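Worksheet for the structure shown next.
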Amino acid sequence: QLAESGGALLPPGGSLRLSCAPSGTTFAPLGLGWYRQAPGKQREVVARIFPDDNTKYADSVQGRFTISRDNAKNLVYLQMNNLKPEDTAVYYCHQLGTLAWGQGTQVTVSS
C-alpha cells in the first residue's frame with residue numbers, strides 16, 4: 001500500500017510538493033508514478049520515475065512538475081510549480097508493474 005500526502009487548495013501560479021510513502025515495501029529499485037483524475041475524466045499519468053532514475057512527464061506538465069526519489073527516506077515526491085486550474089484533480093501514487101495504489105490526495109487550484 002502507498003500513502004500520498006501534501007494536497008491543498010491554492011491559487012493559480014502556486015507551488016506544491018506531494019509525497020508518497022510505501023507501507024511495508026521499498027521503492028528502490030522499482031518504478032513509481034504519479035497519476036491524477038479530475039472530476040468526470042479518466043485517470044491519467046502525470047510523471048513516472050523508473051528504476052534507473054529516468055523520468056517521463058505528460059506534455060501538460062513538462063517543465064512545471066518534477067518527480068524525484070529520496071531512497072534514504074524511502075519517499076517519492078512530485079514538485080508542482082506554476083499550477084493551473086486544469087491541474088485540479090485527485091493525485092495518486094502508483095508503484096509501476098504492481099497493483100499498488102495510494103488513496104489519493106486532492107489538489108485544487110483556484111482563485
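Everything numeric in this text was worked out from a predicted model, so none of it was measured. Below, each value reflects all heavy atoms present in this structure, side chains not excepted, and no hydrogens, waters or symmetry copies.
A distance of 14.0 Å separates CZ of F65 from OG1 of T55, quoted to the nearest 0.5 Å. In this structure, the separation between CG on L78 and CH2 on W34 is 6.0 Å, given to the nearest 0.5 Å. In this structure, Q103 CD and L2 CG are separated by 9.0 Å, a value rounded to the nearest 0.5 Å. Here the OG1-CG distance, from T108 to L10, works out to 8.5 Å after rounding to the nearest 0.5 Å. Atom CZ in R48 sits 9.5 Å away from atom NE2 in H94 (nearest 0.5 Å). Here the straight-line distance linking atom CD1 of I49 with atom CG of L96 works out to 10.0 Å at 0.5 Å rounding.
Here the closest heavy-atom approach between residue S111 and residue P12 is recorded as N-CD, 3.7 Å. Closest heavy-atom contact between R36 and A89: CB-CB, 3.8 Å. The shortest heavy-atom contact between Q37 and Y92 is CB-CE1, 4.2 Å. The shortest non-hydrogen separation linking D87 to N82 is OD2-O, 4.4 Å. Across every non-hydrogen atom of N81 and S15, the tightest pair is OD1-OG, 3.0 Å. The two residues Q106 and T88 make their nearest non-hydrogen contact at NE2-CG2, 4.0 Å.
Checking Y35 against R43 by side-chain atom types alone, no donor-acceptor pair falls below 3.5 Å.
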Stepwise, does the side chain to side chain contact (heavy atoms under 4.5 Å, CB included) test hold for Y57 with V45? CA-CA 8 Å; Y57 298 91; V45 61; over 6 Å; no
Show your working on side chain to side chain contact (heavy atoms under 4.5 Å, CB included) between S68 and V76 and close with a plain yes or no. CA-CA 6 Å; S68 62; V76 173; over 6 Å; no
So M80 and V107, side chain to side chain contact (heavy atoms under 4.5 Å, CB included) or not? Walk me through it. CA-CA 10 Å; M80 305 185 292; V107 174; 3.9 Å; yes
Give the intermediate values and the outcome of side chain to side chain contact (heavy atoms under 4.5 Å, CB included) for residues D70 and Y77. CA-CA 8 Å; D70 186 332; Y77 303 106; 3.8 Å; yes
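S5 has its side chain out of reach of T105: every pair of non-hydrogen atoms, C-beta onward, lies at least 4.5 Å apart.
Put simply, the side chain of E4 gets close to the backbone of G104: a donor and an acceptor are under 3.5 Å apart.
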